[in-house]
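Report on one structure; see the data block that follows.
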Amino acid sequence: MASPEQERWTRAKGRLHAEMGDDIYSSWFARMDLDRIDAGTVYLTVPTRFLKSWIQSHYSDRVLACWKAEDDQVQKIDVAVRSAVLRSTLPKAKPAEPSDQVRLPRLDIGDGRASLGPVASSHDALGGSPLDLRLTFDNFIVGRSNTLAHAAAKQVAVARRGDPVMFNPLYVHAGVGLGKTHLLQAITWAGNNGADRKVLYLTAEKFMYGFVSALRTQTALAFKEALRGIDVLVIDDLQFLQGKSTQAEFCHTLNALIDAGRQVVIAADRPPTDLESLDDRVRSRLAGGLVVEMGQLGEELRLEILKFRVAAARQYHPTFDVPAPILAYIAKSVTHNGRDLEGAVNRLLAHNKLTGQPVTMEMAEREVRDLIRPQEPKRVKIEDIQRIVARQYNVSRADLLSSRRTANVVRPRQVAMYLAKTLTLRSLPEIGRRFGGRDHTTVLHAVRKIENLVGSDTMLADEIEVLKRQLQE
Ligand code: ADP
Ligand code: MG
């Protein structure tokens, strides 16, 4: 039974949810718990320091108002970080880290920020990846799908050396063209502007390449030390990290940096749990910081990005103009990702410059036709499958992962494995691992079993259709 306090909390949360809408609510408040109410103060907890400070600075009044609406005795709210989580995810910074002394001068990418040169050349020293001048915070448009990722990135970018690290690593994941690289490079630009910090941006490929070539030239030690001598390591496209020794090296670097209180920022096209080629320890380390997903760009955000792009183009091409209805049309129809939006504007601009004709709806339709793609199916996650199947069959997710063999859990478990195989790109061994460490042959058996049953059992076939629809909506 829920206590009266818990019930009030549930209602207060309901109010927050209704007031803020799904996105904001799930970004900031979904993981907020009630600890206790004491002498007119409501004590709430959240899992990370970042959430705490963000809620305090942006939403404390509204949280209080929602409480007051339920309980007018409440005078104050207090938000704290849940301590167990804090200890396991936020290792303390060790002030005197040996790597401070071995920091290599050539990595001084914080110096000489007036020109691109030193940044670029010190990046080169570590196989650093080139930075795109346009990928800055100023050019990054914030919308519903990226609010949390943007806020976290900003927070990382403005931190100073010696500040406590709020969440480590910051792990951002999203599909192609949704702004991961943009955000990571923005952190790099902004961080290196802050004078006293060294921020290094590397793609996973560059990380591998740097390591491999360092091994070849026998400077692996120097490379490692150099890496450990930076304040913020930013790694893009982690899903491409391959090879046992590189991964081991990545793992060491990650641990060394995090334990030394340095910030690590990572982007990948999937959540840490789905990085199949990495070993468990690395995966859990990655999942121990702040993991944020950026969703599809919504229509509003697409429109804002387009407007911004056109405005940027007009600085160099003052006669270039795209009337509002045409922008609206493109925002509505080019839904796929940020790259296509950029492509659309570039085509209109090219057409306009080459022919001297103004941008018309007809021309826009023709130019962007091939950028209009059918909606990509939603990325389905194994957790979601487990959650939804468990709910449907009235068992718990733990039951699905357990070794119990009673009929009421065996069938749902098989259905869930079948859905994992058909709706995700995960391999059989990976699915087995995610279902309580089962063997891939067990998964295969489950998949075949359900495939066969679906042919004859129309009720099961219907159930599965319903589940699929729920998962893909
Ligand atoms: P990813 O690394 O996720 O594949 P990118 O960061 O390369 O995607 O983004 C693709 C393109 O879309 C870039 O030109 C980027 O500037 C643009 N873009 C994506 N999200 C935004 C945003 N929120 N604001 C402005 N531009 C964006
Ligand atoms: Mg990218």
Side-chain angles (χ1 to χ4, degrees), residues 22-23 25-28 30-31 47-48 144-149 152 169-180 237-241 266-280 282-298 336-337 375-393 395-402 409 412-438 440 442-443 446-447 450 463-473:
D22 284 343
D23 289 315
Y25 179 82
S26 61
S27 297
W28 305 111
R31 291 181 296 163
T48 64
R144 283 147 63 91
S145 56
N146 58 25
T147 314
L148 181 57
L170 167 61
Y171 186 108
V172 179
H173 64 102
V176 174
L178 301 182
K180 299 182 296 297
D237 286 326
L238 189 69
Q239 72 275 9
F240 293 131
L241 194 76
I266 285 168
D269 69 352
R270 62 198 79 176
T273 40
D274 288 1
L275 286 169
E276 294 176 23
S277 61
L278 293 185
D279 77 46
D280 281 342
V282 187
R283 264 199 297 253
S284 65
R285 188 99 215 207
L286 292 174
L290 181 66
V291 177
V292 209
E293 177 169 13
M294 290 199 283
Q296 291 292 326
L297 308 171
H336 203 66
N337 67 41
Q375 193 75 349
E376 204 177 63
K378 201 181 137 197
R379 286 195 303 166
V380 177
K381 294 184 204 126
I382 291 185
E383 281 97 88
D384 294 336
I385 295 177
Q386 291 169 340
R387 189 170 43 80
I388 283 178
V389 170
R391 194 175 62 195
Q392 170 82 13
Y393 292 98
V395 294
S396 70
R397 190 167 160 255
D399 286 333
L400 294 181
L401 308 192
S402 74
V409 281
R413 186 185 292 137
Q414 289 173 334
V415 168
M417 288 181 180
Y418 165 82
L419 290 171
K421 186 65 203 144
T422 45
L423 299 181
T424 75
L425 295 173
R426 307 289 155 246
S427 63
L428 293 172
E430 170 67 7
I431 295 172
R433 203 177 55 74
R434 302 285 295 281
F435 278 82
R438 291 184 150 75
H440 70 102
T442 312
V443 183
V447 173
I450 300 296
E463 275 170 25
I464 287 182
E465 268 320 297
V466 171
L467 287 166
K468 278 191 180 168
R469 226 174 303 138
Q470 285 181 43
L471 284 161
Q472 284 173 326
E473 250 155 30

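Quick note: residue numbers are just sequence positions, from 1.
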- Query: Which heavy atom in S396 sits nearest to a heavy atom in A390, and how many Å separate them?
  - Reply: C-CB, 3.9 Å
- Output, in order, the C-alpha distance, side-chain angles, deciding distance and verdict of side chain to side chain contact (heavy atoms under 4.5 Å, CB included) for L286 and L278. CA-CA 10 Å; L286 292 174; L278 293 185; 3.9 Å; yes
- Query: By side-chain contact (heavy atoms from CB on, under 4.5 Å), which residues pair with Q239, not counting sequence neighbours?
  - Reply: D237, A268, D269, R270, L275
- Query: Would a 4.5 Å heavy-atom cut-off, applied to side chains only, mark I388 and R391 as touching?
  - Reply: yes
- Identify, with sequence neighbours excluded, every residue that meets salt bridge (charged side-chain N to carboxylate O under 4.0 Å, His left out) alongside E465. none
- Message: Could you tell me if the side chain of M417 sits less than 4.5 Å from the side chain of R438, heavy atoms only?
- Response: yes
- Query: Can you find a heavy atom in the side chain of Y393 that is under 4.5 Å from one in the side chain of V415?
  - Reply: yes
- Using salt bridge (charged side-chain N to carboxylate O under 4.0 Å, His left out) as the criterion, list what pairs up with R434, not counting sequence neighbours. D274, E383, E430
- Task: Kindly write out the residues that satisfy salt bridge (charged side-chain N to carboxylate O under 4.0 Å, His left out) with K421, not counting sequence neighbours, or none if the list is empty.
- Result: none
- Query: Does the side chain of S145 come within less than 4.5 Å of L178's, by heavy atoms?
  - Reply: no
- Note on the structure: Sorted by chain and number, sequence neighbours left out, salt bridge (charged side-chain N to carboxylate O under 4.0 Å, His left out) with E293 holds for R379, K381
- Looking at L297 and N337, what are the two nearest heavy atoms and their distance? CD1-C, 4.0 Å
- Message: According to side-chain hydrogen bond (donor to acceptor under 3.5 Å, both in side chains), who are the partners of S284, at least two apart in sequence or on a separate chain?
- Response: none
- Message: Check D399 with R413, please: is the shortest side-chain N to carboxylate O separation under 4.0 Å?
- Response: no
- Item | Closest contact, heavy atoms only, Q392 versus L467 | CB-CD2, 3.8 Å
- Task: List for me each residue that meets side-chain hydrogen bond (donor to acceptor under 3.5 Å, both in side chains) alongside T422, sequence neighbours excluded, and say none if there are none.
- Result: none
- Message: Side chains of L471 and D384, heavy atoms from C-beta outward: is any pair under 4.5 Å?
- Response: yes
- Task: Find the distance between CD (Q472) and CG (L419) and round it off to the nearest 0.5 Å.
- Result: 9.5 Å
- Message: V466: which residues meet the side-chain contact (heavy atoms from CB on, under 4.5 Å) condition with it, sequence neighbours left out?
- Response: Q470
- Item | By side-chain contact (heavy atoms from CB on, under 4.5 Å) - contacts of A420 (at least two apart) | I382, I385, I431, F435
- Message: Going by the rule side-chain contact (heavy atoms from CB on, under 4.5 Å), which residues pair with A149 if we only count those two or more places apart in sequence or in a different chain?
- Response: V172, L183, V292, M294
- Item | Contact check, side chains of Y418 and I464, non-hydrogen atoms, under 4.5 Å | yes
